[in-house]
2 protein chains.
Amino acid sequence: MTTLKKHYHHGDLTTSLLESASLIIKEQGVENLSMRKLADIVGVSRTAPYHHFKDKNTLLCSLAEQGFKEQEKDLKRLTHQKNASRESFERYVLMYLEYARSHSEIYDLMFGRTIWKAGTPTDSLKEASKQTFKAWVNWVEQLQQGGVLPNSNTPLRIGQTTWASLHGLARLLIDGIYLDQTDQSEMTDQMIKNLCLNDLASP
Amino acid sequence: MTTLKKHYHHGDLTTSLLESASLIIKEQGVENLSMRKLADIVGVSRTAPYHHFKDKNTLLCSLAEQGFKEQEKDLKRLTHQKNASRESFERYVLMYLEYARSHSEIYDLMFGRTIWKAGTPTDSLKEASKQTFKAWVNWVEQLQQGGVLPNSNTPLRIGQTTWASLHGLARLLIDGIYLDQTDQSEMTDQMIKNLCLNDLASP
DNA sequence: AAAACTATCTTGACAGTGTCAAAATTGCAC
DNA sequence: GTGCAATTTTGACACTGTCAAGATAGTTTT
């Protein structure tokens with residue numbers, strides 16, 4: 001973005017576009033990203049991006065895909081660590097919510113309707129999201145075996161519901177409905193309690 | 001919408017716009033609602049709507065507000081019914097998810113970023129949503145007293161988290177991420193189990 | 001070396017969007 | 001009927017995504 005060559009051929013427009021787009025949506029939100037502004041910032045004509053991305057939707061899918069890849073890496077690291085303790089799970093929940101907060105626009109692309117309903121998810125994106133979810137379910141399985149998450153159902157089902165809960169919380173924190181910082185942290189604490197298997201041992 | 005008078009003055013443009021807008025977003029999604037098309041359908045010029053709604057955002061807020069009002073009514077009915085049983089809660093959860101599914105576009109307006117983040121919620125909308133949430137918390141309190149929801153925290157906090165979970169599930173069902181019908185119903189069942197206080201009585 | 005080819009980028013154009021300012025039309029109170 | 005206020009229209013502007021056709025540069029072939 002900073003290095004703008006004045007050659008006819010840009011060099012590596014594809015990644016340049018992705019980087020700039022990522023920056024724009026981070027700072028101004030996805031609704032303020034236009035292909036034309038993006039092209040302008042990268043220093044190229046309006047339609048140049050269309051030789052690297054079929055359309056705007058495809059570009060957004062690419063952005064979302066990066067997010068999934070990153071999340072999958074985090075999950076796999078946790079799973080290989082083989083530390084399925086409650087503390088470990090708590091750390092992940094906090095990490096998940098922090099990611100959602102600090103990359104709220106990417107998060108919205110990953111799970112929001114912009115791509116999944118209004119747009120059309122790329123095959124590549126669908127695959128990435130599926131892979132990430134699989135990594136999540138794997139970790140949930142470990143957490144069940146570690147006695148952190150309930151064993152009352154399959155890893156898939158427990159994974160779906162606890163993730164839905166986490167996702168719901170993330171959305172509320174992100175979408176501008178809950179802004180009070182105190183509420184946010186206490187909601188998170190309570191949510192963890194809701195998700196985890198209660199320790200029923202008497203004191 | 002069906003009755004189009006050819007007078008200069010439309011009669012009741014405000015409600016006519018709301019009705020048509022509601023129909024359009026239901027059938028084509030909120031991203032396919034344009035002020036111009038809307039005006040055209042109602043049989044009025046492009047800018048006529050702007051004398052009834054400050055801008056598109058305000059119109060959408062009005063739509064969302066209707067949704068909140070309806071939801072509040074449902075909740076108050078439940079509360080006055082004083083039947084804080086698990087069955088009653090289950091019915092509400094199913095009803096909530098069914099509303100989200102069948103009015104997915106309105107639901108998205110009520111809780112999504114279109115209004116709350118990308119746009120600016122009207123004072124009137126903020127008030128309506130606050131009122132609805134209060135009604136929800138009131139019912140949660142009854143459910144806690146009825147031993148359906150956990151008593152480990154205040155009605156506000158428990159209300160926030162269980163609603164977040166419900167909302168997360170609703171979003172997944174709505175936003176096109178989970179489409180498989182079998183998964184949907186089993187996820188719902190499991191979610192209810194997660195939310196409710198487990199009956200620990202031995203058989 | 002020149003010529004042919006391919007990848008990349010640009011210009012021009014079209015249909016669509018939200019919304020503002022000024023002008024036109026109408027219904028109602030007097 | 002006259003005046004006023006509510007309502008609607010026309011014109012305009014600055015945007016948007018994206019297509020078709022042409023221009024340019026780097027690469028390969030001869």
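In what follows, chains carry the letters A, B, and so on, assigned in the order in which the sequence lines appear, proteins first and then strands, with residues in each chain numbered from 1.
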Please work out if A:Leu59 contacts a base, only the sugar-phosphate, or nothing of the nucleic acid, heavy-atom cut-off 4.0 Å. nothing
Could you tell me the separation between the [atom1] atom of [X] and the [atom2] atom of [N], rounded to a whole number of Å?
{"X": "B:Asp40", "N": "D:dT9", "atom1": "CG", "atom2": "P", "answer": "11 Å"}
{"X": "A:Ile24", "N": "D:dT16", "atom1": "CD1", "atom2": "P", "answer": "11 Å"}
{"X": "A:Met35", "N": "C:dC14", "atom1": "CE", "atom2": "P", "answer": "22 Å"}
{"X": "B:Leu38", "N": "C:dT17", "atom1": "CG", "atom2": "P", "answer": "11 Å"}
{"X": "B:Arg36", "N": "D:dT10", "atom1": "CZ", "atom2": "P", "answer": "12 Å"}

Tell me whether the OP1 or OP2 atom of C:dT11 has a side-chain N or O from A:Ser45 closer than 4.0 Å.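 Looking at the OP1 and OP2 atoms of C:dT11, neither is under 4.0 Å from any side-chain N or O of A:Ser45.
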It should be established whether A:His52 places a side-chain nitrogen or oxygen under 4.0 Å from OP1 or OP2 of nucleotide C:dA7. no
With hydrogens left out and only the distance checked, is there a donor-acceptor pair under 3.5 Å joining [X]'s side chain and the base of [N]?
{"X": "B:Thr47", "N": "D:dT10", "result": "yes"}
{"X": "A:His51", "N": "C:dT8", "result": "no"}
{"X": "B:Arg46", "N": "D:dT8", "result": "no"}

Quick test of your reading of the model: are [X] and [Y] salt-bridged, counting only N-O distances below 4.0 Å?
{"X": "B:Lys117", "Y": "A:Asp108", "value": "no"}
{"X": "B:Arg46", "Y": "B:Asp40", "value": "no"}
{"X": "A:Arg113", "Y": "B:Glu31", "value": "yes"}

Take B:Lys76 and B:Glu72, measure what salt bridge (charged side-chain N to carboxylate O under 4.0 Å, His left out) needs, and give me the verdict at the end. CA-CA 6 Å; B:Lys76 280 201 170 145; B:Glu72 189 190 356; 3.1 Å; yes
